[in-house]
> 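Let me give you the structure first, and then I'll get to my questions.
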Amino acid sequence: MSEFAVKVERLSKYYQIGNTRSASLRDSISARIKSFTKGKSSEKGIFWALDDINFTLKKGVAMGIIGNNGAGKSTLLKILSRITEPSKGRFEMNGKVSSLLEVGTGFHPELTGRENVYLNGTILGMKRREVKNKFDEIVTFSGVEKFIDTPVKHYSSGMKVRLAFAVAAHLEPEILIIDEVLAVGDIEFQKKCLGKMNEVTGNGRSVLFVSHNMGAVSKLCDYGILLQDGKVKKQGDIQEVIRDYTNKATSSNLYLKESLENDKSHNIVRVYTTNSNQQSESYFKHDENIFLHIEFVASELVRDLNICISVYNDIGRAIFTSDRSLENYEIGIECINKAIVKIPANLLTNGDYSFLAAIHNPYSGAIEYLEYICPISVQDNGTPYLKYVGRWFHGDVFVDCHWDFS
Amino acid sequence: MMNRIIVDADKSSFSLNIRELLSYRDLFYVLSYRDLRVRYAQTFLGLLWAGIQPIATLMILTLIFGRAISVDTGGIPYPLFALAGMTVWNYFSFVMAQSGSSIILAQEMVKKIYFPRIIIPFSKGIVGFVDFLITFLFLMVLMFYYNYTPTIRILYSLLFILLTVLASLGVGVWLSALTIRYRDFQHIVPFMVQLGLYVTPIAYPSTLIPEKYLLYYYINPMAGIVEGFRWSLIGGLPLNQYVYISFVCAFLLFISGLIYFKRTEKIIADIV
């Protein structure tokens, strides 16, 4: 028995740009004629989505695949799921594979919930007998027992997702390939699914997991690879890989850009957190103000820009965002501009947080966009909720609401 | 048993992998079931439509070819003659039309999960059987009505049904693969169904075709199959020697369809 679950060797995939090959007969015929008269078409329109990927996933290990959009994560999962074929290289998998690139694949609105469970389960690779055996469990997990014989078109989107997830959660593969499917559904249900997935890895199964949600990745995975421009930039212990990704070198409360990126008109060069005494700090008490300092350099004057920050909780979900137009401030060109954001005391509850800092045009998109930077911890030192810490998740923020009784 | 998957870009496999197909038989069943359920969902008459459609067509054919033109069917009552042809032809045209666009219609699935893609057009072959059985039953009733007792020749009908399935899946698989590459075929298929009705001896006997064209006429696999099926059930004119061209064509279509599909399968998710 071999001890690896997945072994990937020299895996590469390219796409032809601008030639999708499903255009029309006329295009295809004229292309044939052209290549006949002008010789072979050149390779100029080739885009390497994956370039020489190598890794081994041991049995019982959960591996996170992280990287920016367009780094090749989805392409890698598609190849390993055998949805598309690699252009070069090979991979080998030992064990029964289930891939979840989407929940509810094949759901048909005219069919009832019951029929869709069978349909979806079979599409995901279960036998009808297996679905039958787990049917009650699936329905209970989904919480839509009452509507199981109603056509799915009458379901709310939430119910549909729950039912679809319930089916997926009951797959019993030896290797599970899972894409960012956790992004759907409400937070409570997400946690339920994360729990179910933890069970999966706990049972000695191997998992390949793609997500932007660093919290989920670090919770679920032991090992990680960081993809950048179709190449493996780093692989190893997941915490180190995440640190490498969420920012260079340290997990300190300081983000520092070594050199300006010349293709950007605005560069955020330094971000850090301080307490009220202007001292750099990454541990805060609940009743302390948190100051986020952002320093940026502009190479030219650009109109209609906003600067914004978001605060992420430990599973990488934004809790809130604060946004200001730069129009009303005098922005110096080719020098450091400073912005200080005060996050009021008595807001963030016990837990770990990180930040997003961005400069963007609200209509056309971001110029500078730094996610998961400057991780900090907040300690509850006396809210009425302190007694629940560790037992009951009471929310990311504390709000002192006004209550009236009569 | 260990499940082991090896994918290697440098070694292209060309086998159909029957074992894998068999392991996906539940998917066959479920996809066919879905198609059947959805087809008549929210229709008032439901499955009755599967009976009404051939009856209506039969009435039109009988009025035009039986009464108005009165073609020579070699002594067979015209409705029986036409319905025998329609039984296999309807199956063929249904599978052809359905599988042509089948993969495009299933593209959401194809882009998200792996399974042998050929299941999609093949499952249409199962769906078509329901209509086929209904028409076949109707044909039996009509035979009884006209006092036609089937002879031992009826056993041959199984062979012709098998050939029909081969030809239908062959054309279906060809069209589903071609439609992925060239959407043009979405417009060509309805035209092919229409044309097929005229170049197949359904409403008229092949004796109307001049001898010198027969060689080409039977390149259409359904030409020979329709005549063979009709002959096996209700007799009439003996089969001419050209029908074998049709049978060979049905086989060739099926085999070549599988090969072409296999070649297209690799890139389906990239181009659909």
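All chains are named by letter (A, B, ...) in the order of the sequence lines, taking the proteins before the strands, and each is independently numbered beginning at 1.
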> Quick check for you: among B:Arg117, B:Met109, B:Lys112, B:Glu265, which has the greatest number of heavy-atom pairs under 4.5 Å with chain A?
B:Lys112
> Is it true that atom NZ of A:Lys88 has more than 12 heavy atoms of other residues, nucleotides or ligands lying nearer than 6.0 Å?
no
> Under 4.5 Å heavy-atom distance to chain B, tell me which part of A:Leu124 shows up: side chain, backbone, both or neither.
both
> Using a 4.5 angstrom heavy-atom cutoff, name the option from A:Val97, A:Thr105, A:Ile83 with the most pairs to chain B.
A:Ile83
> Decide side chain to side chain contact (heavy atoms under 4.5 Å, CB included) for A:Ser99 and B:Ile113; before the verdict, give the C-alpha distance in whole Å, the side-chain angles of both, and the deciding distance to 0.1 Å.
CA-CA 7 Å; A:Ser99 68; B:Ile113 193 110; 4.2 Å; yes
> Below 4.5 Å, heavy atoms only, C-beta onward: do A:Glu110 and B:Arg37 meet side chain to side chain?
no
> Using a cut-off of under 4.5 Å on heavy-atom pairs, state which of A:Arg129, A:Lys96, A:Glu115 scores highest against chain B.
A:Glu115
> Got a sec, which residues hit side chain to side chain contact (heavy atoms under 4.5 Å, CB included) with B:Ile6, two or more places apart in sequence or on another chain?
A:Arg90, A:Glu92, B:Arg4
> Looking only at heavy atoms, which two atoms of A:Thr84 and B:Ala269 are closest? And how far apart?
CB-CB, 4.4 Å
> Side chain, backbone, both or neither: which part of A:Val6 has an atom under 4.5 Å from a heavy atom of chain B?
neither
> So for A:Glu85, is it side chain, backbone, both, or neither that comes closer than 4.5 Å to the heavy atoms of chain B?
both
> I need the contact set between residues 25-35 of chain B and chain A: heavy-atom distance under 4.5 Å, sorted by residue number.
B:Asp26, B:Leu27, B:Tyr29, B:Val30, B:Leu31, B:Tyr33, B:Arg34
> Assess whether atom OH of B:Tyr260 is packed by more than 12 heavy atoms of other residues, nucleotides or ligands within 6.0 Å.
yes
> Do the side chains of A:Lys78 and B:Asp270 get close enough for a salt bridge, i.e. N-O under 4.0 angstrom?
no
> Closest approach of B:Glu108 and A:Glu102, non-hydrogen atoms and distance?
O-OE1, 4.5 Å
> For the side chain of A:Lys127 and the backbone of B:Ser23, is there at least one donor-acceptor N/O pair under 3.5 Å apart?
yes
> Is it true that atom NZ of A:Lys58 has more than 12 heavy atoms of other residues, nucleotides or ligands lying nearer than 6.0 Å?
no
> Can a salt bridge be assigned to the pair A:Arg82 and B:Glu20 using a cut-off of 4.0 Å between side-chain N and carboxylate O?
yes
> Taking every heavy-atom pair that is under 4.5 Å apart, which of A:Leu77, A:Leu80, A:Thr122 has the most such pairs with chain B?
A:Thr122
> Check side chain to side chain contact (heavy atoms under 4.5 Å, CB included) between B:Ile52 and all other residues, then give those that pass, not counting sequence neighbours.
B:Leu45, B:Leu48, B:Trp49
> Using ring-ring contact (aromatic ring centres under 6.0 Å, His included) as the criterion, list what pairs up with A:Phe135, not counting sequence neighbours.
A:Tyr118
